[in-house]
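Presented below is the structure to which this report refers.
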Amino acid sequence: QVQLVESGGGLVQPGGSLRLSCAASGFTLSNYAMTWYRQAPGKERELVATITSVGGSTNYADSVKGRFTISRDNAKNTGYLQMSSLKPEDTAVYHCNAVNRRYAYWGQGTQVTVSS
């Protein structure tokens, strides 16, 4: 069964950190470009960070540059989003996406809430 499952979300205070995980099953994640998106209530979905399948090049939204890091562990078939210096405006549901020329897969999302 092909699945992407996110985990690691939760409630964190401003300035805190979280690491989101995106576990793939039924396919090899390293053969896909992986992207983290987020969507806050009443707002459009926003691309947060992406990592290519070949070479591992990364790209970030300006709003998270210097604070978030996208990575993958091929041995674990899992991708990550390390989030630091979190702000209330980072509050959203975070989804991971895996795409290649033929297929695209989405996870169900994990809630991140940044609040004191």
Side-chain angles (χ1 to χ4, degrees):
Q1 182 180 5
V2 172
Q3 268 191 311
L4 276 177
V5 179
E6 301 99 333
S7 61
L11 174 64
V12 63
Q13 292 187 342
S17 299
L18 282 175
R19 188 179 78 160
L20 306 184
S21 299
C22 175
S25 58
F27 68 101
T28 302
L29 186 60
S30 60
N31 293 335
Y32 292 71
M34 186 185 75
T35 301
W36 286 94
Y37 292 87
R38 67 185 181 187
Q39 188 163 21
K43 294 188 176 181
E44 293 187 356
R45 187 174 63 195
E46 175 188 19
L47 186 151
V48 177
T50 191
I51 184 168
T52 59
S53 59
V54 178
S57 296
T58 59
N59 193 37
Y60 298 91
D62 287 344
S63 58
V64 307
K65 278 181 182 176
R67 300 189 298 122
F68 290 11
T69 302
I70 189 171
S71 64
R72 63 167 100 224
D73 184 332
N74 293 338
K76 295 183 178 180
N77 211 29
T78 299
Y80 301 98
L81 185 68
Q82 177 67 48
M83 306 186 295
S84 303
S85 302
L86 283 161
K87 305 174 181 180
E89 51 263 44
D90 294 318
T91 295
V93 176
Y94 285 71
H95 296 266
C96 65
N97 162 268
V99 62
N100 66 9
R101 292 181 180 180
R102 297 186 63 186
Y103 302 105
Y105 304 116
W106 287 90
Q108 83 290 347
T110 185
Q111 176 71 46
V112 172
T113 303
V114 185
S115 175
S116 55

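All residue numbers in this chain count up from 1 along the given sequence.
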Review item, side-chain donor-acceptor pairs of residues 23-31, under 3.5 Å, at least two apart:
none

Please output the side-chain donor-acceptor pairs of residues 80-97 that fall under 3.5 Å, not counting sequence neighbours, one pair per line with the distance.
from: Asp90; atom 1: OD1; to: Arg38; atom 2: NH1; distance (Å): 2.9
from: Asp90; atom 1: OD1; to: Arg67; atom 2: NH2; distance (Å): 3.0
from: Asp90; atom 1: OD2; to: Arg67; atom 2: NH1; distance (Å): 2.8
from: Asp90; atom 1: OD2; to: Arg67; atom 2: NH2; distance (Å): 3.4
from: Asp90; atom 1: OD2; to: Lys87; atom 2: N; distance (Å): 2.8
from: Thr91; atom 1: OG1; to: Pro88; atom 2: O; distance (Å): 2.9
from: Thr91; atom 1: OG1; to: Val114; atom 2: N; distance (Å): 2.9
from: Tyr94; atom 1: OH; to: Arg38; atom 2: NH1; distance (Å): 2.9
from: Tyr94; atom 1: OH; to: Asp90; atom 2: O; distance (Å): 2.6
from: His95; atom 1: ND1; to: Gly107; atom 2: O; distance (Å): 3.3
from: Asn97; atom 1: ND2; to: Tyr105; atom 2: O; distance (Å): 3.4

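Using a 4.5 Å cut-off between side-chain heavy atoms of Ile, Leu, Val, Met, Phe, Trp and Tyr, with links allowed through other members, Val99 and Val2 fall into different hydrophobic clusters.
Residues forming a side-chain contact (heavy atoms from CB on, under 4.5 Å) with Ser57 (at least two apart in sequence, or on another chain): Thr52. Listed by chain and number, the residues in a salt bridge (Lys or Arg N to Asp or Glu O under 4.0 Å) with Lys43 amount to none (sequence neighbours excluded). Under the rule for a side-chain contact (heavy atoms from CB on, under 4.5 Å), the partners of Ala61 that lie at least two apart in sequence or sit in another chain are Glu46, Ser63, Val64.
The side-chain heavy atoms of Ser115 and Leu11, taken from C-beta on, include a pair separated by under 4.5 Å. Residues Val5 and Gln108 have side chains in contact (heavy-atom distance under 4.5 Å, counting atoms from C-beta outward).
Within the structure, every pair that satisfies the ring pair (Phe, Tyr, Trp, His ring centres under 6.0 Å) test and touches residues 36-67, not counting sequence neighbours, is listed here: Tyr37-Trp106.
For Thr78 against Ser21, the heavy-atom pair with the smallest separation is CG2-CB, 4.2 Å.
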Check against side-chain contact (heavy atoms from CB on, under 4.5 Å), Val112 and Leu18: CA-CA 9 Å; Val112 172; Leu18 282 175; 3.9 Å; yes
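With Asn100 contributing its side chain and Tyr103 its backbone, the two residues share a donor-acceptor pair below 3.5 Å.
Rounding to the nearest 0.5 angstrom, the gap separating the CD atom in Glu6 from the CG atom in Leu20 is 8.5 Å.
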